[in-house]
Amino acid sequence: MTEGTTSPAAEGVDTLSRLEQEGEIAADYLEGLLDIADLDGDIDMDVEADRAAVSIISDSNSRDLQKLVGRDGEVLEALQELTRLAVHRETGDRSRLMLDIGGYRAKKRTELAELGAKTADEVKSTGAPVKLDPMTPFERKVVHDAVAAAGLRSESEGEEPQRFVVVLPA
């Protein structure tokens, strides 16, 4: 190896430690927000699919965390962007961090994967493309992945916030 280069294994470690650092910065930021809002919640950090993943979970059955999710996840999306900005401010690097609150995003991922698989089955049986309702980038990604797993292809069409997925026949 020449000076200034790193091995693939070292790059993997560097990426992992960078993502862990993103998670720690995000956790500190979110803990501060929880304190300001006087809400109870525990922070869980992980690295999933080459991005930092941070979750706010609660042992109680209180609906307090639902306030942080908002209607259709709108508040969650805003908090995710604010958290990404906090990470960017500290690191100088753009973050792809994913935030989940009270399991909302995990539940949504399951529902969307089922929708993608069901729609793929419909397209296979009818041979006609199917347009889905507008979705957020996260939602579209989950549907695209489910459609690909079913052996079909899909495309996103339209402009934000009305961008939607079209599932195409083989």
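Computed over heavy atoms, backbone and side chain alike; hydrogens, waters and symmetry mates excluded. The shown structure was predicted, so the numbers you read here are calculated from the model rather than taken from an experiment.
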Under the salt bridge (Lys or Arg N to Asp or Glu O under 4.0 Å) definition, can you give me all pairs with a residue in [range], not counting sequence neighbours?
{"range": "residues 16-30", "answer": "Arg18-Glu22"}
{"range": "residues 72-85", "answer": "Arg71-Glu74, Glu77-Arg105, Glu81-Arg84"}
{"range": "residues 148-159", "answer": "Arg153-Glu155"}
{"range": "residues 29-39", "answer": "none"}

Is the closest side-chain heavy-atom distance between [X] and [Y] below 4.5 Å?
{"X": "Ile56", "Y": "Leu30", "answer": "yes"}
{"X": "Pro129", "Y": "Pro169", "answer": "yes"}
{"X": "Val75", "Y": "Val69", "answer": "no"}
{"X": "Ser95", "Y": "His88", "answer": "no"}
{"X": "Leu34", "Y": "Asp40", "answer": "no"}

Result block: side-chain N/O donor-acceptor pairs under 3.5 angstrom for residues 44-55, not counting sequence neighbours:
{"unit_1": "Arg51", "atom_1": "NE", "unit_2": "Arg96", "atom_2": "O", "d": "3.4"}
{"unit_1": "Arg51", "atom_1": "NH1", "unit_2": "Arg96", "atom_2": "O", "d": "3.4"}

Inset, instruction - Could you tell me whether a side-chain N or O of Asp100 sits under 3.5 Å from a main-chain N or O of Ala106, the two making a donor and an acceptor? - result: yes
Inset, instruction - Taking Gln80 for its side chain and Leu99 for its backbone only, find out whether a donor-acceptor pair lies under 3.5 Å. - result: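 Yes.
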Inset, instruction - Kindly state each residue pair satisfying side-chain hydrogen bond (donor to acceptor under 3.5 Å, both in side chains) with at least one member in residues 108-128, sequence neighbours excluded. - result: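 The answer is none; no pair qualifies.
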Inset, instruction - Using the rule that two of Ile, Leu, Val, Met, Phe, Trp, Tyr join whenever any of their side-chain heavy atoms come within less than 4.5 Å, decide whether Ile101 and Leu97 are in one cluster. - result: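 Ile101 clusters together with Leu97.
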Inset, instruction - Determine whether Leu33 and Tyr104 fall in the same hydrophobic cluster, where Ile, Leu, Val, Met, Phe, Trp and Tyr are linked whenever their side-chain heavy atoms lie under 4.5 Å apart. - result: yes
Legend entry - Least distance between heavy atoms, Pro134 atom then Pro161 atom: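 Pro134 and Pro161 have their closest heavy atoms at CB-O, 3.9 Å.
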Legend entry - Exercise: identify the closest heavy-atom pair between Ala146 and Ala113: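 Here Ala146 and Ala113 meet closest at CB-O, 3.5 Å.
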Inset, instruction - Mind checking the NZ-CG spacing from Lys107 to Leu112? Nearest 0.5 Å is all I need. - result: 11.5 Å
Legend entry - Interatomic spacing from CG in Asp42 to CG in Leu65 - rounded to 0.5 Å: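 It is 9.5 Å, given to the nearest 0.5 Å.
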Inset, instruction - Report the hydrophobic cluster partners of Leu168, with the cluster defined as I, L, V, M, F, W, Y residues connected by side-chain heavy atoms closer than 4.5 angstrom, directly or transitively. - result: Phe164, Val166
Legend entry - ILVMFWY clustering at 4.5 Å (side-chain atoms), partners of Ile25: Val87
Kindly list each side-chain donor-acceptor pair under 3.5 angstrom involving residues 138-145, sequence neighbours excluded, with atom names and distances?
{"unit_1": "Glu139", "atom_1": "OE1", "unit_2": "Thr136", "atom_2": "N", "d": "2.9"}
{"unit_1": "Glu139", "atom_1": "OE1", "unit_2": "Thr136", "atom_2": "OG1", "d": "3.4"}
{"unit_1": "Arg140", "atom_1": "NE", "unit_2": "Ser156", "atom_2": "OG", "d": "3.4"}
{"unit_1": "Arg140", "atom_1": "NH1", "unit_2": "Met135", "atom_2": "O", "d": "2.7"}
{"unit_1": "Arg140", "atom_1": "NH1", "unit_2": "Glu160", "atom_2": "OE2", "d": "3.1"}
{"unit_1": "Arg140", "atom_1": "NH2", "unit_2": "Glu160", "atom_2": "OE2", "d": "2.8"}
{"unit_1": "Lys141", "atom_1": "NZ", "unit_2": "Asp145", "atom_2": "OD1", "d": "3.0"}
{"unit_1": "Lys141", "atom_1": "NZ", "unit_2": "Asp145", "atom_2": "OD2", "d": "2.8"}
{"unit_1": "His144", "atom_1": "ND1", "unit_2": "Ser154", "atom_2": "OG", "d": "2.5"}
{"unit_1": "His144", "atom_1": "NE2", "unit_2": "Ser156", "atom_2": "OG", "d": "2.8"}

